[in-house]
Amino acid sequence: MTDEQQRARAAAVFDALGADYERAFAASPAHRRSLEWLLGRLAPGSRVLDVGSGTGRPTAETLAAAGHEVLGVDVSPVMVELASRQVPGASFRCADIRDEPLADGSFAAVCVYFSLLQMSRAQQADVVRRLVRALAPGGHLVLASVPLDLEDVAGVFMGQPVRVTSFDAAGLTAVAEEAGLEVVAREELVFTPDHPDAVPEPHLYLHCRRPLAASGTG
């Protein structure tokens, strides 16, 4: 499958889900705790990137309400339209994060909540490395996923056919660390989305920091 076909398939899934996705996951206490963790580490007016921003809620909405400058990027035009309407205090772009220009060190924080699962493992690792480069030294990155050992497995997500690739918990931790991140906190749990076609799913939240550059001697 080409990158363009992969992008179109991912966009189609979330175009179809629309606001149903927000309703299904709105009650996730772990997501709220993760955002509180991040908010406690951001300086006022920080620039934050939300990868796979969906409807803008709760991530972009929470961060923008706290006074931060939020850029959301999502491949779904429907999601971007919803987010732009619901969270006018943030900016949203309809784009693939792999194509979006990201200047080195330009964000104080990056959020990646369950947004890489339709990419291959190599692509996921490449994206994380790219996001780390876009993160300022000392900045924070939250990486959340479904920690299962799956590679291009067909499934159904909230009634939509999907193909999913994921790492188990150790594998995702290795991806983060190999990209140059320090994992400073983590949470694992099982969450059932509020949707008639949903099933319980494991969730993993990695709360990471890009270390400050080592000072030279001289």
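Separating the CZ atom in Arg47 from the CG atom in Leu71 is a distance of 6.5 Å, to the nearest 0.5 Å. Atom CG of Leu38 sits about 8.5 Å away from atom OG of Ser46, to the nearest 0.5 Å. Atom CD of residue Glu36 and atom NE2 of residue His31 lie 11.0 Å apart, to the nearest 0.5 angstrom. The CG atom of Asp126 lies 4.5 Å from the CZ atom of Arg129; values are rounded to the nearest 0.5 Å. Rounding to the nearest 0.5 angstrom, the gap separating the CG atom in Leu189 from the CG atom in Leu204 is 9.0 Å. Here the CG-CD distance, from Asp50 to Glu61, works out to 12.0 Å after rounding to the nearest 0.5 Å.
Side-chain atoms of Ser115 come within 3.5 Å of backbone N or O of Val51 as a donor-acceptor pair. A donor-acceptor contact shorter than 3.5 Å links the side chain of Gln123 to the backbone of Ser120. A donor-acceptor distance shorter than 3.5 angstrom exists from the side chain of Gln86 to the backbone of Thr55, with no hydrogens or angles considered. Arg209 places no side-chain N or O within 3.5 Å of a backbone atom of Val184 that could act as its donor or acceptor partner. Between the side chain of Arg41 and the backbone N or O of Gly139 there is no donor-acceptor pair closer than 3.5 Å. The main-chain N or O of Ala30 is never found under 3.5 Å from a side-chain atom of Ser34 such that the two would form a donor-acceptor pair. The closest donor-acceptor contact from the side chain of Gln124 to the backbone of Leu116 lies under 3.5 Å.
In terms of heavy atoms, Ala95 sits closest to Val73 at O-CG1, 3.4 Å. Here the shortest heavy-atom pairing between Tyr113 and Thr59 reads CD1-OG1, 3.5 Å. Residues Gly56 and Val87 share a closest heavy-atom pair of O-CG2, 3.6 Å. Scanning all heavy atoms of the two residues, the minimum distance from Leu102 to Ala134 falls at CB-CB, 4.0 Å. Nearest heavy-atom pair, Phe25 versus Pro193, reported as atom, atom and distance to 0.1 Å: CZ-CG, 3.6 Å. Here the closest heavy-atom approach between residue His68 and residue Val48 is recorded as CB-CG2, 4.3 Å.
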Applying side-chain contact (heavy atoms from CB on, under 4.5 Å), run through Val142 and Leu206 and close with a yes or a no. CA-CA 6 Å; Val142 180; Leu206 298 181; over 6 Å; no
Determine, stepwise, if the pair Asp149 / Arg121 fulfils salt bridge (charged side-chain N to carboxylate O under 4.0 Å, His left out). CA-CA 11 Å; Asp149 185 8; Arg121 286 181 174 174; 2.5 Å; yes
Test side-chain contact (heavy atoms from CB on, under 4.5 Å) on Glu177 and Glu182 and set out the steps. CA-CA 6 Å; Glu177 292 176 342; Glu182 174 192 4; over 6 Å; no
Determine, stepwise, if the pair Thr165 / Gln118 fulfils side-chain contact (heavy atoms from CB on, under 4.5 Å). CA-CA 6 Å; Thr165 296; Gln118 295 191 72; over 6 Å; no
Carefully, step by step, assess Val164 and Asp152 under the rule side-chain contact (heavy atoms from CB on, under 4.5 Å). CA-CA 5 Å; Val164 177; Asp152 196 29; over 6 Å; no
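One hydrophobic cluster, built from ILVMFWY side chains closer than 4.5 Å, cannot hold both Phe92 and Leu49; they sit in different ones. Val78 and Val80 end up in different hydrophobic clusters when Ile, Leu, Val, Met, Phe, Trp and Tyr side chains are linked at under 4.5 Å. Transitive grouping of hydrophobic side chains (ILVMFWY, heavy atoms separated by less than 4.5 Å) keeps Phe191 and Val199 in distinct clusters.
When ring centroids are compared, Tyr205 and Phe114 come within the 6.0 Å threshold.
For the pair Met119/Val127, a side-chain contact is recorded, criterion being any heavy-atom separation below 4.5 Å from C-beta on. Pro202 has its side chain within reach of Val146: a pair of non-hydrogen atoms, C-beta onward, lies under 4.5 Å apart. Here the side chains of Glu187 and Arg33 are in contact, with some heavy-atom distance below 4.5 Å. In this structure the side chain of Leu63 reaches within 4.5 angstrom of the side chain of Leu42, judged on heavy atoms. No side-chain heavy atom of Val128 sits under 4.5 Å from any side-chain heavy atom of Glu178.
Between Arg210 and the choices Val110, Leu131, Val132, the side-chain contact (heavy atoms from CB on, under 4.5 Å) rule is met once, by Val132.
The residues Asp99 and Arg93 are annotated as not salt-bridged, no charged nitrogen and carboxylate oxygen being separated by less than 4.0 angstrom. Ion pairing between a basic and an acidic side chain is recognised when a charged N comes within 4.0 Å of a carboxylate O; Glu188 and Arg186 show such pairing. Taking a cutoff of 4.0 Å between a charged side-chain nitrogen and a carboxylate oxygen, Arg85 and Glu81 qualify as a salt bridge.
For the 3.5 Å distance criterion, the side chains of Ser145 and His203 fail to qualify, holding no donor opposite an acceptor.
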